[in-house]
Amino acid sequence: MKRNKRLSVALHVLLHMAERPYAAMTSEEMAACAGTNAVVIRRTFAGLREAKIVSSLKGHGGGWRLVRSLSEITLEEVQRALDERVVTAPSPHDESPGCLIEKAIHLALDDAVAEANRVLDRRLATISLADIAADVYRLDRAVYSTPEDNKD
């Protein structure tokens with residue numbers, strides 16, 4: 001399954017933003033965190049601003065800030081704000097326009113993909129960014145723990 005690059009970038013940066021809740025992050029700082037460029041950040045975060053997940057201030061001392069806590073932001077909401085799905089189905093205009101076989105395959109998959117998306121959206125609506133941050137913390141502790149830390 002294909003992962004959405006813009007969604008991955010947005011989630012990565014949102015979690016970094018939460019580490020410094022009282023300081024704005026510039027697009028350049030955010031781009032450095034995500035290994036991309038500032039233009040990608042500005043385009044990606046425009047939808048998050050419209051969804052009132054982040055705000056932006058121009059000028060000296062400006063940048064992007066989280067509007068709400070991580071516990072109030074779900075994966076489904078971020079996905080919707082970016083207008084891109086976590087998993088994408090093949091486009092009906094894939095490789096062979098006019099190919100009846102390809103068209104029939106897409107017709108057969110449409111209902112299954114729509115149902116899968118509904119189930120996925122319901123599940124994503126239950127996962128907050130705070131849940132992901134907790135997993136980051138747990139994974140970080142596991143990476144840096146010593147054998148003595150794991151003794152009972």
Side-chain angles (χ1 to χ4, degrees), residues 1-95 106 109-152:
M1 292 189 186
K2 180 181 168 186
R3 291 185 184 256
N4 183 293
K5 175 86 169 141
R6 284 183 358 131
L7 181 63
S8 294
V9 165
L11 293 172
H12 190 101
V13 173
L14 289 168
L15 291 171
H16 277 290
M17 292 172 75
E19 293 174 338
R20 35 188 286 195
Y22 303 109
M25 285 184 81
T26 66
S27 299
E28 289 75 17
E29 291 172 313
M30 295 162 74
C33 289
T36 189
N37 65 59
V39 173
V40 170
I41 295 297
R42 286 188 286 274
R43 287 180 182 161
T44 300
F45 273 65
L48 298 175
R49 181 181 52 227
E50 291 172 17
K52 299 193 183 348
I53 294 171
V54 298
S55 65
S56 62
L57 295 169
K58 294 183 181 183
H60 182 69
W64 298 87
R65 291 187 182 171
L66 284 170
V67 174
R68 295 181 272 141
S69 71
L70 294 183
S71 62
E72 299 173 313
I73 305 167
T74 68
L75 288 176
E76 192 278 329
E77 184 179 9
V78 174
Q79 170 189 263
R80 192 172 3 102
L82 296 176
D83 195 26
E84 294 189 15
R85 303 210 53 83
V86 169
V87 179
T88 56
S91 167
H93 308 289
D94 278 346
E95 298 172 9
H106 285 286
L109 292 176
D110 283 348
D111 287 342
V113 169
E115 181 180 346
N117 284 334
R118 285 189 296 276
V119 170
L120 180 61
D121 289 347
R122 282 193 302 271
R123 177 67 176 112
L124 293 178
T126 70
I127 303 170
S128 73
L129 296 191
D131 297 328
I132 296 173
D135 284 342
V136 170
Y137 178 74
R138 182 182 51 77
L139 291 169
D140 182 55
R141 289 190 53 148
V143 168
Y144 293 108
S145 66
T146 64
E148 291 80 32
D149 294 335
N150 295 323
K151 289 183 180 176
D152 290 324

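Note that the structure is predicted; figures quoted are calculated from it, not measured.
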More than 12 heavy atoms of other residues, nucleotides or ligands under 6.0 Å from CZ of Arg20: is that the case?
yes
Quick one: CZ on Arg49 to CZ on Arg42, what's the gap to the nearest 0.5 Å?
11.0 Å
Would you say that Ile73 contacts Val67 through its side chain, given a criterion of any heavy-atom pair below 4.5 Å between the two side chains?
no
Can you name the closest pair of heavy atoms from Glu29 and Ala24 and give their distance?
OE1-O, 4.0 Å
Flag side-chain contact, heavy atom, 4.5 Å: Leu48 against Trp64
no
Report yes if some heavy atom in the side chain of Ile132 is under 4.5 Å from a heavy atom in the side chain of Leu75; otherwise report no.
yes
Close side-chain approach of Leu14 and Leu66, heavy atoms under 4.5 Å:
yes
Only one of Ile41, Thr36, Asn37 forms a side-chain contact (heavy atoms from CB on, under 4.5 Å) with Val39, so which one is it?
Asn37
Determine the minimum heavy-atom distance between Ala18 and Leu70, stating which atoms define it.
CB-CD1, 3.4 Å
Got a salt bridge between Arg118 and Asp121, using NZ or NE/NH1/NH2 to carboxylate O under 4.0 Å?
no
Judged by atom type as modelled, is there a donor-acceptor pair below 3.5 Å linking the side chain of Arg68 to the main-chain atoms of Lys52?
yes
If I take atom CG from residue Asn117 and atom CD from residue Glu115, how far apart are they, to the nearest 0.5 angstrom?
10.5 Å
Using the side-chain contact (heavy atoms from CB on, under 4.5 Å) definition, which of the options His16, His12, Met17 pairs with Met30?
Met17
What is the distance from atom CD1 of Ile53 to atom CZ of Arg80, rounded to the nearest 0.5 Å?
8.0 Å
N/O donor-acceptor pair under 3.5 Å between Arg6 side chain and Leu82 backbone:
yes
Might you point out which heavy atoms bring Ala10 and Thr44 nearest each other, and give the distance in Å?
CB-CG2, 3.9 Å
Looking at CD of Glu77 and CG of Leu124, how far apart are the two atoms once the value is rounded to the nearest 0.5 Å?
12.0 Å
